[in-house]
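Protein chains get the first letters and strands the later ones, always in sequence-line order, with residue 1 at the start of each.
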Number of protein chains: 2
Amino acid sequence: MMENDIFKALADPTRRTIFEKLASSQSMNASALRNGMSISQPAMSQHLAVLRQAKLVDEERQGRFVHYRVNPDGLALIVQWVARYSTFWPDRIDALRQTLKEMDQ
Amino acid sequence: MMENDIFKALADPTRRTIFEKLASSQSMNASALRNGMSISQPAMSQHLAVLRQAKLVDEERQGRFVHYRVNPDGLALIVQWVARYSTFWPDRIDALRQTLKEMDQ
DNA sequence: CAGACACATAAGTCCGTGCTTATGTGTCTG
DNA sequence: CAGACACATAAGCACGGACTTATGTGTCTG
């Protein structure tokens, strides 16, 4: 199941770090992502494969580099999942509304 | 880290099922949760311990029963995490806004 | 074309984790 | 108080997953 792939992909802190790095940049290749992370090249490649399979990132080959970027639709399932259960708690959904409002500024 | 506990807790499909059952009811004891799930009593107890440690559920002892219920604040960290990265994609955040709007009716 | 480079894949190891059976703890009831 | 009941904990096992080293694949450059 796809929802399961996403949760499992995000369960690993290293993969969340990689995802956050990608989210804070337009795109990065695998080597650039390794900067500042004590992680081997194969490990990075394997993590990216997991994120790719979960459709959380897209890849684009340019010559011998592969540029990775966040897939904008990737987190949609998580958002829907959370929103589904948030309906039971008006307080929480209000907090989310507030977060969105602050993001407008 | 707490955020890590939540992601790891939700990474297991059985625990997500348990969480969903709790979310769709006021409260349930461990035995009631097992209904319809082919899962042993210790396994259920262990899953509930993980959800409890991640602060996704609360427990309340009443006699020899322990009633479990969803902790309304539990998903807050996930919501914040998702919302943080959603800022990069206006389309997605608009979809979330739409979801919230529909929930108003 | 040969070598360097960016990345993927293979294969093996180790540890976390989800399950089991067995037993312990606490509470209710006859 | 003895037994039944609800749940937790202990201990062992089996599997998955995150890492390693080694090697393969594709691309650029001199």
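When Watson-Crick and G-U wobble pairs are counted only if both distances are under 3.5 Å, D:dC28 pairs with C:dG3. If you check C:dC19 for Watson-Crick or wobble pairing at under 3.5 angstrom, you find it paired to D:dG12. Nucleotide D:dT20 forms a Watson-Crick or G-U wobble pair with C:dA11, both donor-acceptor distances falling under 3.5 Å.
Counting non-hydrogen atoms under 4.0 angstrom, B:R34 reaches nothing in the nucleic acid. At the heavy-atom level, B:R15 lies under 4.0 Å from the strands shown only through sugar-phosphate atoms.
Nucleotide C:dC7 holds its P atom 13 Å from the CD1 atom of A:I18, rounded to whole Å. Between B:N29 atom CG and D:dC5 atom C1' the separation is 12 Å, expressed in whole Å. Going from atom NE2 of A:H67 over to atom P of C:dC7 covers 8 Å, rounded to whole Å. Summarising the geometry, the separation between CZ on A:F65 and C1' on C:dA4 is reported as 12 Å, rounded to the nearest angstrom. As a whole-Å value, the separation of A:Q53 CD from D:dA18 P is 12 Å. Atom CG in A:N35 sits about 11 Å away from atom P in C:dC7, given to the nearest Å. Between A:F7 atom CZ and C:dG18 atom C1' there is a gap of 19 Å when expressed in whole angstrom units. The CE atom of A:M44 sits 17 Å away from the C1' atom of D:dG17 (whole-angstrom rounding).
Between C:dA6 and A:Y68, no contact under 4.0 Å exists linking OP1 or OP2 to a side-chain N or O. Taking only side-chain nitrogens and oxygens, A:S31 comes nearer than 4.0 Å to OP1 or OP2 of C:dC7. For C:dT17, neither phosphate oxygen OP1 nor OP2 lies less than 4.0 angstrom from any side-chain nitrogen or oxygen of B:H47.
With C:dC7, D:dG26, C:dT27 as the choices, the nucleotide that has an atom nearest any side-chain atom of A:R64 turns out to be D:dG26. Relative to the side chain of B:S40, the nucleotides D:dA8, C:dT20, D:dT21 differ in distance, and C:dT20 lies closest. Out of C:dA10, C:dA8, C:dC19, the shortest distance to the side chain of A:Q46 is found at C:dA10.
B:N4 and A:R16 share a side-chain donor-acceptor pair at under 3.5 Å.
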Could you walk me through whether A:L22 and A:V57 pass the side chain to side chain contact (heavy atoms under 4.5 Å, CB included) check?
-> CA-CA 8 Å; A:L22 283 177; A:V57 304; 3.6 Å; yes

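Residues B:P42 and A:D12 both approach DNA chain D. Their nearest nucleotides, taken by heavy-atom distance, put B:P42 toward the 5′ side. Between A:A43 and A:R61, the one whose closest nucleotide on DNA chain C sits nearer the 5' end is A:R61.
Using a cutoff of 4.0 Å between basic side-chain nitrogens and carboxylate oxygens, A:E59 and A:R69 are not scored as salt-bridged.
For the side chain to side chain contact (heavy atoms under 4.5 Å, CB included) with A:L51, the qualifying choice from A:N71, A:L56, A:I6 is A:L56, the only one to do so. The residue from A:S25, A:S24, A:S31 that alone fulfils the side chain to side chain contact (heavy atoms under 4.5 Å, CB included) condition with A:M28 is A:S25.
Judged by distance alone, with hydrogens and angles left aside, B:Q62 brings no side-chain donor or acceptor close enough to the base of C:dT27 to form a pair under 3.5 Å. You won't find any donor-acceptor pair under 3.5 Å spanning the side chain of B:Q41 and the base of C:dT20, going by distance alone.
Atom CD of B:Q53 sits in a sparse spot, with 12 or fewer heavy atoms from other residues, nucleotides or ligands closer than 6.0 Å.
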